[in-house]
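The first residue of the sequence shown is numbered 1, and numbering continues consecutively from there.
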Amino acid sequence: MPLMLLTEMIPAVQPSVDRARLVKRDSDVPTTMMLLLHQRLALTLNNLDKDSTNTNLGTKRRDDLNISKFWENVCRCAAKESFILRNYTHPTTNSTPLHEACKLPHVPIEIFELLYVVCVDTKLNALDKRDKQGNIPLHYAMSLVKKDISLELVNFLLANTTASVRQTYLSSFHQFEITTKGSTRQCSVSPLYRAAQSYMPKSILLAINRGCPRMLCAPVMVSGDDSEGSDNGDDTPLFLLWRRYQNYKWQSEKFFLGDNSRQEVVDHRRKYSVLAVQALDTVIESIQLVSPGITVLHSLAKISCVAPPGLSMFVLDEFEDQAAVLNSKGQYPLHFAAESTTAGSIAECYQGKLVIDTLLKLYPAAVKKKDADGRLPLALAIENGRTADNGVSSLYNAYPAAFDEGLAATYVREKYDAIKEDLILAYDSLIETTDEEHNICDPKKELNEESKAVFIVQNPKVDVRDIVGLMVSNSDDAAVQMLGCVSLAKRACTSVESATHVALCGGIDAVVNAMSYNPDEPIIQEEACAALRFLAAANDRYDISFTSAGAILSMVSAMKDHPIDPIIQETASLTLGNVGVSSDSAITTFSAGGIKAMINALGTHPDDLGVQRRVVEALKKMSDSSGVGLPVAKEEIKPVLEAAARFDHASRAAVKDILEMLA
């Protein structure tokens with residue numbers, strides 16, 4: 001029904017209306033409109049409305065007809081009670097018909113616009129009113145489950161809520177139900193995280209992000225849980241959006257069993273290729289809202305300490321030419337990275353330093369350039385509270401003369417003097433201990449940040465994100481990588497929530513990175529496989545994916561590169577079996593050569609009970625998940641499986657099932 005026609009249904013207020021009766025009804029009894037909306041909400045909550053996917057066409061049509069009649073009744077009620085609804089709030093809940101309508105799924109936008117006209121408040125925008133719980137209508141529209149959210153309604157509310165009220169709402173945390181793997185829990189999250197978690201389109205995500213850009217990196221708050229025991233307590237909208245891009249990217253390149261040139265495979269890859277591009281555009285445009293009007297690299301540098309490490313490396317690689325671009329204030333991305341503030345955590349310090357070091361390599365001249373206010377990157381870093389470990393030493397070593405240039409104020413010099421002596425001593429020590437012939441430093445004498453990192457990753461009180469930050473920024477340090485994997489495994493092994501917490505902090509990416517940088521180090525591969533064994537519990541939660549993170553490929557590679565190491569063979573097989581219950585993970589294992597690696601493990605370690613049992617268990621799980629058995633010739637696998645069954649009687653039933661599937 002067009003809005004114009006609906007509006008015409010509202011009669012003008014007549015002088016003869018019994019105002020005393022209306023006022024009494026307003027204060028004592030809910031209006032008919034509120035009763036209508038409450039009744040419909042009760043029906044919805046009790047699942048009396050048939051699901052839209054109902055295969056019974058007659059039932060679906062009857063339900064659609066009932067819904068249509070309900071909204072017609074709402075229109076008639078709005079026309080009849082137009083005077084009562086003006087300035088109306090429920091006497092008990094302080095809610096308005098707008099609050100109640102936003103709780104319903106798929107509200108027709110023209111109906112809501114009519115209610116907005118009818119429920120006008122002469123003193124306050126009706127969309128700004130808060131109910132007894134302190135919520136505005138926008139909150140309830142965003143609280144619905146993904147399939148019930150009306151995107152048109154959310155857009156309307158974002159556009160028509162008063163700017164100051166909208167910004168206050170978007171910059172605060174609110175209670176939402178977050179659902180993953182069939183379980184639902186209450187979390188205190190920002191509206192931006194809620195929008196990302198509900199797969200809202202880019203237009204709405206950017207509109208919400210534009211209202212409060214700083215919430216892009218704001219973590220989820222889980223009331224009553226400490227960070228170690230919480231589920232997604234360290235997740236942020238930016239981390240979630242980046243993981244989603246990685247998942248779409250992997251799906252766009254996914255390998256299928258059989259002929260990969262068939263049309264359904266092509267269509268699948270094309271679909272997810274488009275989604276990956278859209279997801280990446282959302283990420284890039286979101287970070288540009290942090291510093292609008294400049295390059296992508298400037299924006300990334302501004303949040304370099306709190307951005308996902310993978311995103312930082314991606315932007316630095318894809319937009320490296322922007323390292324030499326100036327903004328209107330005469331600042332290069334290096335200036336932005338230097339002045340970005342941190343919360344002081346170890347992870348933020350090391351990640352910020354990693355970005356500064358990379359920018360120094362991309363455009364070294366920037367360290368000597370003053371901005372429009374006459375400040376060098378080193379000055380900006382010190383003014384904003386950065387320490388020697390957080391990039392100051394890198395900036396000083398690249399340009400020691402910075403201490404003698406560009407001091408904008410006396411108080412700044414005092415800050416310089418507080419750390420200048422330590423930096424000079426460290427720099428001189430570095431120069432004196434350099435082996436000029438081989439251009440290397442004596443590890444016993446040089447300023448050894450790596451040694452500090454080794455001690456930190458072993459500390460049981462250090463935060464998970466700090467361990468991940470140290471591992472990412474010390475990729476070439478084998479000791480940090482090995483001990484970091486051990487620490488992550490200890491933190492992930494206690495529960496599914498703990499594993500999810502570690503994964504959301506970037507634990508899977510850090511472990512995979514450790515494996516790729518140290519392929520010939522058995523001890524690192526062993527500890528990495530052990531960490532992934534416990535992190536597997538987080539697979540498919542909050543867009544966490546072993547496949548898109550490269551964990552499956554890394555474990556299969558470890559099995560191939562270290563065939564005689566029983567620990568790697570057993571642990572990797574156990575983990576591949578646990579994630580192999582997902583058909584996508586099983587197919588990825590097949591395509592990477594995981595089945596062949598496990599068959600080789602059975603033959604190479606015929607007397608190792610752990611290897612024999614774990615491999616058989618993994619093969620059984622993947623055989624079941626694929627639905628068609630294992631993609632391997634029966635004559636190739638039958639001898640080793642029968643040998644395993646003779647060696648370990650507990651594996652006989654599983655071996656029999658696997659062979660039957662192959663037949």
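Of the N and O atoms on the side chains of Y517 and D476, not one donor lies less than 3.5 Å from an acceptor on the other residue. Donor-acceptor pairing under 3.5 Å is lacking for the side chains of R243 and Q246. Defined by atom type and a distance below 3.5 Å, a donor-acceptor pair is missing between the side-chain atoms of S554 and S557.
Every residue two or more places apart in sequence or in another chain was checked for a side chain to side chain donor-acceptor pair (under 3.5 Å) with H335, and none qualifies. Listed by chain and residue number, V454, L483 satisfy the side chain to side chain contact (heavy atoms under 4.5 Å, CB included) test with Q458 (two or more places apart in sequence, or in another chain). Residues meeting the salt bridge (charged side-chain N to carboxylate O under 4.0 Å, His left out) test with D565, sequence neighbours left out: none. Here A492 pairs with A499, V502, F534, L535 under the side chain to side chain contact (heavy atoms under 4.5 Å, CB included) rule; sequence neighbours left out. Every residue two or more places apart in sequence or in another chain that forms a side chain to side chain contact (heavy atoms under 4.5 Å, CB included) with V325 is listed here: T295, H298, Q322. Taking the salt bridge (charged side-chain N to carboxylate O under 4.0 Å, His left out) definition, one finds that E318 meets it with nothing, sequence neighbours left out. Every residue was checked against the salt bridge (charged side-chain N to carboxylate O under 4.0 Å, His left out) condition with D321, not counting sequence neighbours, and none meets it. Residues forming a side chain to side chain contact (heavy atoms under 4.5 Å, CB included) with L574 (at least two apart in sequence, or on another chain): R533, N578, R614. When the side chain to side chain donor-acceptor pair (under 3.5 Å) test is applied to N459, no partner is found at least two apart in sequence or on another chain. With sequence neighbours left out, the salt bridge (charged side-chain N to carboxylate O under 4.0 Å, His left out) criterion links K369 to no other residue.
Legend: side-chain hydrogen bond (donor to acceptor under 3.5 Å, both in side chains) pairs involving residues 504-514, not counting sequence neighbours, sorted by first then second residue: S475-N513. The stretch residues 199-220 participates, sequence neighbours left out, in these side-chain hydrogen bond (donor to acceptor under 3.5 Å, both in side chains) pairs: Y199-D543, K202-E285.
At least one side-chain heavy atom of L316 sits under 4.5 Å from a side-chain heavy atom of L297. Using a 4.5 Å heavy-atom threshold, the side chains of V464 and L504 count as separate. The closest side-chain heavy-atom distance from Q351 to C305 is not below 4.5 Å. Residues S190 and L170 form no side-chain contact, since every pair of their non-hydrogen atoms from C-beta on lies 4.5 Å or further apart. Residues F314 and L280 are in side-chain contact: their nearest non-hydrogen atoms beyond the backbone lie under 4.5 Å apart. Side-chain contact between N539 and S585 is present, with at least one heavy-atom pair separated by less than 4.5 Å. Contact check for M313 versus D317: no side-chain heavy atoms found under the 4.5 Å cut-off. With a 4.5 Å cut-off on side-chain heavy atoms, E383 and E339 do not count as touching.
For the pair F546 and L532, the tightest heavy-atom approach, listed with the atom from each and the gap, is CZ-O, 3.4 Å. Residues S304 and G352 come closest through the heavy atom pair OG-CA, 4.4 Å. P213 and V290 make their closest contact through CB-CA, 4.2 Å (heavy atoms, listed as atom of the first residue, atom of the second, distance). Residues P519 and S516 approach most closely at CD-O, 3.5 Å, considering heavy atoms. Contact detail for A514 and I524: the closest heavy-atom pair is O-CG2, 4.0 Å. The nearest pair of heavy atoms linking M482 to I523 is CG-CG1, 3.9 Å.
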*Taking it one step at a time, do V486 and V457 satisfy side-chain contact (heavy atoms from CB on, under 4.5 Å)?*
CA-CA 9 Å; V486 172; V457 294; over 6 Å; no

*Intermediate values then yes/no, side-chain contact (heavy atoms from CB on, under 4.5 Å), I294 and F336*: CA-CA 11 Å; I294 53 177; F336 270 59; 3.4 Å; yes

*Under the side chain to side chain donor-acceptor pair (under 3.5 Å) criterion, do S495 and S498 qualify, and how do the steps go?*
CA-CA 5 Å; S495 65; S498 297; 3.1 Å; yes

*Tell me, with the steps shown, if Q331 and L326 meet side-chain contact (heavy atoms from CB on, under 4.5 Å).*
CA-CA 5 Å; Q331 293 179 315; L326 284 168; 5.7 Å; no

*Might you work through the side-chain contact (heavy atoms from CB on, under 4.5 Å) test for L216 and L289, ending with a clear yes or no?*
CA-CA 9 Å; L216 183 64; L289 289 175; over 6 Å; no

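To the nearest 0.5 Å, atoms CD1 (I208) and OH (Y193) are separated by 14.0 Å. Atoms OG and CG, from S591 and L553 in turn, are 7.0 Å apart once rounded to the nearest 0.5 Å. Put simply, OG1 on T571 and CD on E527 are 9.0 Å apart, with the number rounded to the nearest 0.5 Å. The CG atom of D235 sits 9.5 Å away from the CD atom of Q197 when rounded to the nearest 0.5 Å. Once rounded to the nearest 0.5 Å, the distance linking CG of L275 with CD of Q251 reads 9.5 Å. Atom CD1 of I552 and atom OG1 of T575 lie 10.5 Å apart (nearest 0.5 Å).
Under a 3.5 Å cut-off, the side chain of D371 and the backbone N or O of G374 do form a donor-acceptor pair. When atom types are taken as modelled, the side chain of H562 and the backbone of I567 share no donor-acceptor pair closer than 3.5 angstrom. Between the R491 side chain and the P460 main chain, a donor and an acceptor come within less than 3.5 Å of each other. Although no hydrogens or angles enter the test, the distance criterion places a donor-acceptor pair under 3.5 Å between the side chain of R244 and the main chain of A196. Side chain of Q481 to backbone of M471: a donor-acceptor contact under 3.5 angstrom is found. Using a distance-only test at 3.5 Å, with no hydrogens or angles considered, a donor-acceptor pair links the side chain of Q525 to the main chain of M515. Between the side chain of N474 and the main chain of L470, a donor-acceptor pair closer than 3.5 Å is present.
In this structure, R194 forms no cation-pi arrangement with F173, as its terminal cationic atom is not both closer than 6.0 Å to the ring centre and no more than 45° off the ring axis.
Of the charged side-chain nitrogens involved, at least one lies within less than 4.0 Å of a carboxylate oxygen, so that R375 and D373 count as a salt-bridged pair. Using a 4.0 Å cut-off between charged side-chain N and carboxylate O, K353 and D357 make a salt bridge.
Taking the six-membered ring where the residue is Trp, the centroids of F239 and W242 are separated by 6.0 Å or more.
Remark: of the listed residues I456, I467, V468, I467 is the sole one forming a side-chain contact (heavy atoms from CB on, under 4.5 Å) with S487.
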